[in-house]
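Everything below concerns the one structure shown next.
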2 protein chains.
Amino acid sequence: MAALTMTDMTVPSAADAPPVAPTSGEEGNRRGDIIRAAGRLFRQKGYNGTTIRDIADAVGMRSGSPFYHFKSKHEILFTVTTEGIEVMLRNLEMVIAKGQPARECFEDCVATHMNYLLGPGRDFAWVMLYESRLLDPAERAIVHRMSARYEEVFSAVLDRLQASGHLHDASAVARKLILGAINWSAQWYDETGASDPQAIARQLCALVLHEKN
Amino acid sequence: MAALTMTDMTVPSAADAPPVAPTSGEEGNRRGDIIRAAGRLFRQKGYNGTTIRDIADAVGMRSGSPFYHFKSKHEILFTVTTEGIEVMLRNLEMVIAKGQPARECFEDCVATHMNYLLGPGRDFAWVMLYESRLLDPAERAIVHRMSARYEEVFSAVLDRLQASGHLHDASAVARKLILGAINWSAQWYDETGASDPQAIARQLCALVLHEKN
DNA sequence: CCTACCGATCGGTAGG
DNA sequence: CCTACCGATCGGTAGG
């Protein structure tokens with residue numbers, strides 16, 4: 001479960017060069033390449049519809065080579081999935097640490113969630129949402145625990161929203177409904193080239209919140 | 001695209017008995033058996049994670065026999081998918097035909113949608129929502145057209161809701177957000193044994209609507 | 001709807 | 001990270 005921190009990868013020094021020259025003219029971190037390619041393919045064709053050969057092709061490897069970096073296809077799925085939740089949870093906690101008023105905090109949380117979901121986290125978040133159920137029970141339990149942690153934190157935001165009179169219902173069902181509206185956007189964002197994530201987040205807030213001016 | 005009408009299947013007369021005696025002691029419609037078993041398996045393990053042998057086993061056939069009823073595995077997926085949308089669209093149009101006031105109509109639509117999604121349509125609706133993207137482009141286009149038709153009808157309901165002052169935003173994005181909150185319930189309904197579909201529908205309405213008493 | 005089967009493909013490994 | 005390969009499984013078919 002070690003964070004992949006692919007987000008903050010910077011240009012590595014020449015000393016990091018792998019022992020064997022990479023196929024492309026790039027630097028290192030072939031492991032990260034595999035994860036990113038796998039994420040994209042898993043989203044497009046599903047986990048079971050993607051072969052190790054697809055992934056290897058996408059990063060310019062031969063079919064046996066991904067197993068030098070991961071011990072199984074399942075481990076690739078697990079890594080993509082946890083990358084997805086970890087980033088989302090980290091983002092959420094950073095927003096909350098700002099200590100904004102309830103309403104501003106909520107809108108910021110939603111916007112941040114959507115910015116990742118529809119932007120850089122497109123593949124990772126999608127795989128977490130729709131493919132992680134194909135993991136083994138033990139792995140799925142870990143993922144489930146992390147998702148539960150996310151909801152727990154999000155729940156506190158909703159509680160404050162209710163206390164400030166902006167939200168009437170902060171129950172578990174209401175929380176699921178709101179998160180559903182948010183997460184579902186990954187399904188339709190592409191086809192409607194319309195709004196940006198930020199704007200969608202604002203519309204969601206307006207839909208659910210009661211203004212107190 | 002012919003409706004399967006598995007919903008209104010009743011006890012067939014003895015004259016409908018298949019030429020070859022079925023393995024189990026039951027009546028007919030092995031095709032319907034296959035569709036139902038496939039729906040359940042596709043939801044549990046995904047389309048690509050389900051084999052023809054899984055489906056055949058589930059209905060007590062040998063692995064080659066499903067191809068007597070369907071010309072390919074894809075055709076099974078397509079049939080399950082269209083069954084899902086057709087029923088949902090039919091249900092929606094029946095509710096609208098009642099001619100209720102905007103607010104009552106909306107709540108009825110949501111409740112009906114959720115009753116099918118979380119009840120008898122669990123497998124069909126799930127496959128439509130999450131597995132139909134694995135269809136061929138041509139088949140997917142048909143499914144997409146039917147979903148668009150559903151949204152179109154649903155959109156008219158939202159427009160009336162806006163006209164009556166119960167909803168501020170009836171835009172395409174708002175529609176997607178509302179449908180997302182509804183559809184996402186299929187993801188969490190099982191684990192939280194709490195509310196029934198009806199109650200969830202009511203909470204969704206309260207969350208989104210402005211009361212005008 | 002069964003028997004018997006096929007060609008293709010898949011995840012994964014040994015050995016370097 | 002490549003070469004070369006394996007056993008298992010898969011969707012689908014011929015013929016009855």
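Values below: every heavy atom of this structure, side chains too, minus hydrogens, waters and symmetry copies. Chain letters run A, B, ... following the sequence lines, proteins first and then strands; every chain starts at 1.
- The shortest non-hydrogen separation linking B:V80 to B:A38 is CG2-CB, 4.3 Å.
- Taking all atoms of both residues into account, the shortest heavy-atom contact from B:W126 to B:A186 is CZ3-O, 3.6 Å.
- Atom CE of A:M61 is separated from atom P of D:dC2 by 7 Å (rounded to the nearest Å).
- Listed candidates were D:dG11, C:dG11, D:dC1. Nearest to the side chain of B:R53 is D:dG11.
- Taking the side chain of B:S72 as heavy atoms from C-beta on, and the options D:dG12, C:dG12, C:dT3, the nearest nucleotide is D:dG12.
- The residue among A:G64 and B:S65 whose nearest nucleotide of DNA chain D lies closer to the 5′ end is A:G64.
- Comparing A:K71 and A:T51 by the nucleotide of DNA chain C whose heavy atom lies nearest to each, the residue mapping closer to the 5' end is A:T51.
- Between B:N48 atom CG and D:dT9 atom P there is a gap of 17 Å when expressed in whole angstrom units.
- Pairing each heavy atom of A:Y47 with each of A:K73, the nearest pair is O-NZ, 3.0 Å.
- Looking at every heavy atom in both residues, B:M88 comes nearest to B:M128 through SD-CE, 4.0 Å.
- Closest contact between the side chain of A:K73 and the listed nucleotides C:dC10, D:dC2, C:dG12 involves C:dG12.
- Between A:V95 and A:Q100, the shortest heavy-atom contact is O-NE2, 3.9 Å.
- Scanning both residues, A:D136 and A:H74, for their nearest heavy atoms gives OD1-NE2, 3.6 Å.
- Atom CD1 of B:I76 is separated from atom C1' of D:dG12 by 12 Å (rounded to the nearest Å).
- Between the CG atom of A:N29 and the C1' atom of D:dC1 there is a distance of 15 Å, given to the nearest Å.
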A correct dot-bracket answer for DNA chain C, with pairs being Watson-Crick or G-U at under 3.5 Å, [ ] for crossing pairs and | for inter-strand pairs, is ||||||||||||||||
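- For the pair A:E75 CD and C:dG12 C1', the interatomic distance rounds to 13 Å; values are reported in whole Å.
- Remark: B:H144 NE2 is loosely packed, at most 12 non-hydrogen atoms of other residues, nucleotides or ligands lying under 6.0 Å away.
- In this structure, the CD1 atom of B:I55 is 10 Å from the P atom of D:dG12, given to the nearest Å.
- C:dC2 atom P lies 8 Å from atom NE2 of B:H69, rounded to whole Å.
- A:I52 places its CD1 atom 7 Å from the C1' atom of C:dG11, with the value rounded to the nearest Å.
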